[in-house]
Amino acid sequence: MRISLESPAQPDVIQLIDDLDAYQKPLYPPECHYGIDIAALSAPNVLFAVARDGEGTAVGCGAIVMEPDFGELKRMYVRPENRGQGVAAKVLGFLEGEAAARGCVVFRLETGVSQPEALSFYARSGYKRRGPFGDYPDDPLSVFMQKDAARLKNA
């Protein structure tokens with residue numbers, strides 16, 4: 001498997017994002033969806049990573065939006081047939097390393113209460129629950145988490 005920073009505006013990556021939306025959208029009402037689109041993922045302050053298998057097929061992705069005071073993890077997804085192989089952990093570690101190398105000292109994320117696998121994954125990865133941040137409302141269907149970059153050595 002190879003992980004690298006790539007453009008999200010590629011057909012196979014767009015399909016990953018579409019698959020993520022197809023999974024998440026039935027879980028929450030429309031006003032509780034906080035995903036960002038391909039145009040936002042293509043912004044200069046976004047690190048977008050793609051995991052590809054040995055044949056070059058996109059099997060997972062994720063992004064960190066670099067804000068002035070923190071990096072926000074967005075659009076983490078691994079194809080169902082590639083889960084359980086450590087892809088998500090490798091993508092997350094790659095993104096955290098790239099963001100930390102660019103001066104990011106805090107990582108934050110928003111995920112949903114109806115995604116227990118994601119909540120467990122982030123907790124295992126060193127993220128702790130916190131209150132809303134940025135422009136997020138205090139949504140009872142959202143779970144907000146944070147990890148200090150200093151924890152990268154210990155995670």
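As a basis for the values below, the full set of heavy atoms in this structure was taken, side chains included, without hydrogen atoms, waters or symmetry mates. Just so you know, residue 1 is the first one in the sequence shown, and it goes up from there.
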Review point. Is a side-chain N or O of Asp148 found less than 3.5 angstrom from the main chain of Ala150, in a donor-acceptor match?
Key: no
Review point. Does Met1 belong to the same Ile/Leu/Val/Met/Phe/Trp/Tyr cluster as Val78, with side-chain heavy atoms less than 4.5 Å apart forming each link?
Key: yes
**Study point:** salt bridge (Lys or Arg N to Asp or Glu O under 4.0 Å) partners for Lys90, two or more places apart
**Key:** none
Study note, to complete from the structure: The complete set of ring-ring contact (aromatic ring centres under 6.0 Å, His included) pairs with one or both residues in residues 61-120, sequence neighbours excluded, reads Phe70-Phe133
Check your understanding: Where do Lys74 and Ile36 land on the side chain to side chain contact (heavy atoms under 4.5 Å, CB included) test, with the steps shown first?
Key -> CA-CA 8 Å; Lys74 300 291 284 184; Ile36 59 177; 3.9 Å; yes
Revision key, fill the gap. When rounded to the nearest 0.5 Å, the distance separating CD of Glu72 from CD of Glu110 is 7.5 Å
Review point. Taking all non-hydrogen atoms of both residues, which atom of Gly112 and which atom of Leu119 are closest, and how far apart?
Key: O-CD1, 3.8 Å
Study note, to complete from the structure: One should read off an interatomic distance between Leu47 CG and Leu73 CG, to the nearest 0.5 angstrom, of 11.0 Å
Revision key, fill the gap. Val113 and Pro140 have their tightest heavy-atom pair at CG1-O, 3.7 Å
Exercise for review: Kindly determine whether Phe144 and Thr111 satisfy side chain to side chain contact (heavy atoms under 4.5 Å, CB included), including the steps that lead there.
Suggested key: CA-CA 7 Å; Phe144 302 96; Thr111 191; over 6 Å; no
Point to revise | Joint cluster assignment, Val50 & Leu20, ILVMFWY side-chain distance < 4.5 Å | key: no
Exercise for review: For Arg79, enumerate each residue passing the salt bridge (Lys or Arg N to Asp or Glu O under 4.0 Å) test, keeping only those at least two apart in sequence or located in another chain.
Suggested key: Glu81
Study note, to complete from the structure: Closest non-hydrogen contact found for Cys104 with Ala149 is O-CB, 3.5 Å
Check your understanding: So, Tyr28 and Gln115: side-chain donor and acceptor under 3.5 Å apart, yes or no?
Key -> yes
Point to revise | Single-linkage hydrophobic cluster, 4.5 Å side-chain cutoff, Ile14 and Val59 together | key: no
Exercise for review: Considering non-hydrogen atoms only, spot the tightest contact between Ser42 and Pro8 and give its length.
Suggested key: OG-CG, 3.4 Å
Exercise for review: Report the C-alpha separation of Ile38 and Ile17 in whole Å, then their side-chain angles, then the decisive distance to 0.1 Å, and conclude whether the side chain to side chain contact (heavy atoms under 4.5 Å, CB included) test is met.
Suggested key: CA-CA 8 Å; Ile38 298 298; Ile17 300 298; 3.9 Å; yes
Study note, to complete from the structure: Heavy-atom nearest pair, Ala58 first then Leu16, reads CB-CD1, 3.8 Å
Point to revise | Separation between CG of Leu27 and SG of Cys32, rounded to the nearest 0.5 Å | key: 11.5 Å
Practice item. Could you note down all residue pairs passing side chain to side chain donor-acceptor pair (under 3.5 Å) where residues 98-109 supplies at least one of them, sequence neighbours left out? Key: Glu98-Arg102, Arg108-Gln146
Study note, to complete from the structure: side chain to side chain donor-acceptor pair (under 3.5 Å) pairs touching residues 6-17, sequence neighbours excluded, are Ser4-Glu6, Glu6-Gln10, Glu6-Arg52, Gln10-Arg52, Asp12-Arg52, Gln15-Asp19
Exercise for review: First locate atom CG of Leu95, then atom CD1 of Ile64, and finally report the distance between them rounded to the nearest 0.5 Å.
Suggested key: 4.5 Å
Review point. Transitively linked via ILVMFWY side-chain contacts under 4.5 Å: Val65 with Tyr122?
Key: no
Check your understanding: Closest heavy-atom contact between Leu141 and Pro29?
Key -> CD1-CD, 3.5 Å
Review point. From Leu109 CG over to Met76 CE, what is the distance, rounded to the nearest 0.5 angstrom?
Key: 9.5 Å
Review point. What do the steps show when you test Glu96 against Lys147 for side chain to side chain contact (heavy atoms under 4.5 Å, CB included), and what is the final call?
Key: CA-CA 10 Å; Glu96 289 173 340; Lys147 177 180 176 180; 3.2 Å; yes
Review point. Which pairs, with at least one residue in residues 32-59 and sequence neighbours excluded, count as a ring-ring contact (aromatic ring centres under 6.0 Å, His included)?
Key: Tyr34-Tyr136
Check your understanding: In Å, rounded to the nearest 0.5 Å, how long is the span from CG of Leu92 to OG of Ser125?
Key -> 5.0 Å
Practice item. Treating Ile, Leu, Val, Met, Phe, Trp and Tyr as nodes and any side-chain heavy-atom pair under 4.5 angstrom as an edge, say whether Tyr23 and Val87 lie in one connected cluster. Key: yes
